[in-house]
Amino acid sequence: MMVISDIPAVTVNQQVISAEQISAEMQYHPAASRREAAVKSAQALIINEVVRQRAVALGLYSGEAPLDGQQEQLVMDKLLAAECPPAQASTAECRQYFEANRGKFATAPLLEVRHILLAGDPRDLQERDRARQLAEHILQSLGNGEGDFASLASTHSNCPSARLGGNLGQISKGQTVPEFERQLFGAAQGVMAKPVESRYGFHVVEVVRRVEGNPLPFEQVRADIQSYLDTKVRRKASAQYITRLLSEADIQGFDFGLDGSPLMQ
């Protein structure tokens, strides 16, 4: 049974948010302590209530019960449309973002890769460790000039590519599992210094050839930049609008401070 005697009720413009409501909301706000969970829960319910009350005042909503998650977002969208100017990044802002992040806007590089897979089931820690040790041993052998990559792949690799000397051919982004790809596409040409771990085991990898991607022109990526920046602008506008609603409300039993650090009184 949940103890609620230590949770004070809160009022928002004379509308009571009971200790029982705050206690029930706590299941959706896991935290390191009961007090922290109570603070997060009260904060969420207060924001929900000021949004509901403003929507009722403008005739955009008629319900008296707290808004559920979907209702709250729909009502917020209506409020922002009614009371805030359209939130959209300008062409100049899009161009500025493009110039500051040119490295992000290029076609993906193309890699010619070969690898040696030492299979290891993630559920079998001993097998996994053996695979890692063998991968490190093979890397050491390659570094010492003891055998060539193709012959080592033919002998040790658990991938069908073993019969091709480990050759995976040309690879572009999206063709391999994410944990392998993240390390692979950040690598320089040559044998990677450490084994690459994936869900399949450990890989000894050589980037035989790397063809860098081509820069994309602004007009080709403008729509993506616009969408990204518009989302950021809308989030900022939403946060500022909620701050305004909170500052105008008569809230008793909870102090937002409007500095991002709400504290239970």
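When reading the values below, keep in mind they use all heavy atoms of this one structure, side chains included, and skip hydrogens, waters and symmetry mates.
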[X] and [Y]: which non-hydrogen atoms are nearest, and at how many Å?
X	Y	answer
Q175	I171	OE1-CA, 3.2 Å
A38	I22	O-CG2, 3.8 Å
A9	V16	CB-CG1, 4.5 Å
A89	C94	CB-SG, 4.3 Å
A249	V50	CB-CG1, 3.9 Å
A135	V204	O-CG2, 3.6 Å

So do the side chains of [X] and [Y] get within less than 4.5 Å of each other, counting heavy atoms only?
X	Y	result
Q21	P66	yes
L118	I138	yes
D224	F105	no
Y61	L67	yes
Q96	S90	no
R102	P215	no
N144	Q140	yes
L139	P195	yes

Review point. Is the number of heavy atoms from other residues, nucleotides or ligands under 6.0 Å of Q126 CD greater than 12?
Key: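 No, because the 6.0 Å sphere around CD of Q126 holds 12 heavy atoms or fewer from other groups.
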Check your understanding: More than 12 heavy atoms of other residues, nucleotides or ligands under 6.0 Å from CD of E219: is that the case?
Key ->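 Count over threshold, so yes.
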Taking atom [atom1] of [X] and atom [atom2] of [Y], what is their separation to the nearest 0.5 Å?
X	Y	atom1	atom2	answer
L168	H203	CG	NE2	9.5 Å
L80	Q240	CG	CD	10.5 Å
S198	H115	OG	NE2	9.0 Å
E197	F202	CD	CZ	3.5 Å
Q15	I251	CD	CD1	13.0 Å
K78	L60	NZ	CG	6.5 Å

Is [Y] reachable from [X] through a run of hydrophobic residues whose side-chain heavy atoms are each under 4.5 Å from the next?
X	Y	answer
V12	F254	yes
L152	V113	no
V51	L45	yes
M192	F149	no
V75	I17	yes

Are the side chain of [X] and the backbone of [Y] linked by a donor-acceptor contact shorter than 3.5 Å?
X	Y	answer
S157	I116	no
Q14	T11	no
R209	Q189	no
N101	Y97	yes
D230	Q88	no
S151	G147	no
S154	R163	no
T231	S227	yes
Q71	D68	yes
R210	L111	no

Check your understanding: So, D129 and Q133: side-chain donor and acceptor under 3.5 Å apart, yes or no?
Key ->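 Looking only at side-chain atoms, Q133 and D129 do form a donor-acceptor pair, the distance falling under 3.5 Å.
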Check your understanding: Going by an N to O cut-off under 4.0 Å, is there a salt bridge joining E25 and K40?
Key ->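 Not counted as a salt bridge, because no side-chain N and carboxylate O are separated by less than 4.0 Å.
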Review point. Do the two ring centres, one from Y200 and one from F180, sit under 6.0 Å apart?
Key: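 No, they do not, as the ring centres are separated by 6.0 Å or more.
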Exercise for review: Go through the steps to decide whether R182 and E179 satisfy the test salt bridge (Lys or Arg N to Asp or Glu O under 4.0 Å), and finish with yes or no.
Suggested key: CA-CA 5 Å; R182 280 193 297 270; E179 67 271 21; 5.2 Å; no
Exercise for review: Let me see the working for E36 and S33 under side-chain contact (heavy atoms from CB on, under 4.5 Å), right down to the final yes or no.
Suggested key: CA-CA 5 Å; E36 185 181 348; S33 68; 3.4 Å; yes
Check your understanding: Does R95 count as lying over the ring of F218, i.e. NZ or CZ under 6.0 Å from the six-ring centre, within 45 degrees of the axis?
Key ->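 Flagged: R95 positioned over aromatic ring of F218.
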Practice item. Start with the C-alpha distance between E64 and R52, add both sets of side-chain angles, then the distance that settles salt bridge (Lys or Arg N to Asp or Glu O under 4.0 Å), and finish with yes or no. Key: CA-CA 8 Å; E64 296 183 2; R52 186 195 69 80; over 6 Å; no
**Study point:** Test applied, side-chain hydrogen bond (donor to acceptor under 3.5 Å, both in side chains); reference residue, N13; option that passes from Q53, E49, Q252, E248
**Key:**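 For N13, the side-chain hydrogen bond (donor to acceptor under 3.5 Å, both in side chains) check succeeds only for Q53.
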Exercise for review: Start with the C-alpha distance between L134 and H156, add both sets of side-chain angles, then the distance that settles side-chain contact (heavy atoms from CB on, under 4.5 Å), and finish with yes or no.
Suggested key: CA-CA 9 Å; L134 181 53; H156 297 287; 4.3 Å; yes
Exercise for review: Let me see the working for R54 and E83 under salt bridge (Lys or Arg N to Asp or Glu O under 4.0 Å), right down to the final yes or no.
Suggested key: CA-CA 11 Å; R54 185 58 182 166; E83 301 206 280; 2.6 Å; yes
Exercise for review: Walk me through it: do E93 and K232 pass the test salt bridge (Lys or Arg N to Asp or Glu O under 4.0 Å)?
Suggested key: CA-CA 12 Å; E93 288 170 327; K232 290 185 66 176; over 6 Å; no
Check your understanding: Does the pair R114 and S161 meet the rule for a side-chain contact (heavy atoms from CB on, under 4.5 Å), with working shown?
Key -> CA-CA 8 Å; R114 55 182 180 175; S161 64; over 6 Å; no
Review point. Please walk me through it: do R235 and S238 pass side-chain contact (heavy atoms from CB on, under 4.5 Å)?
Key: CA-CA 5 Å; R235 285 177 181 166; S238 178; 5.7 Å; no
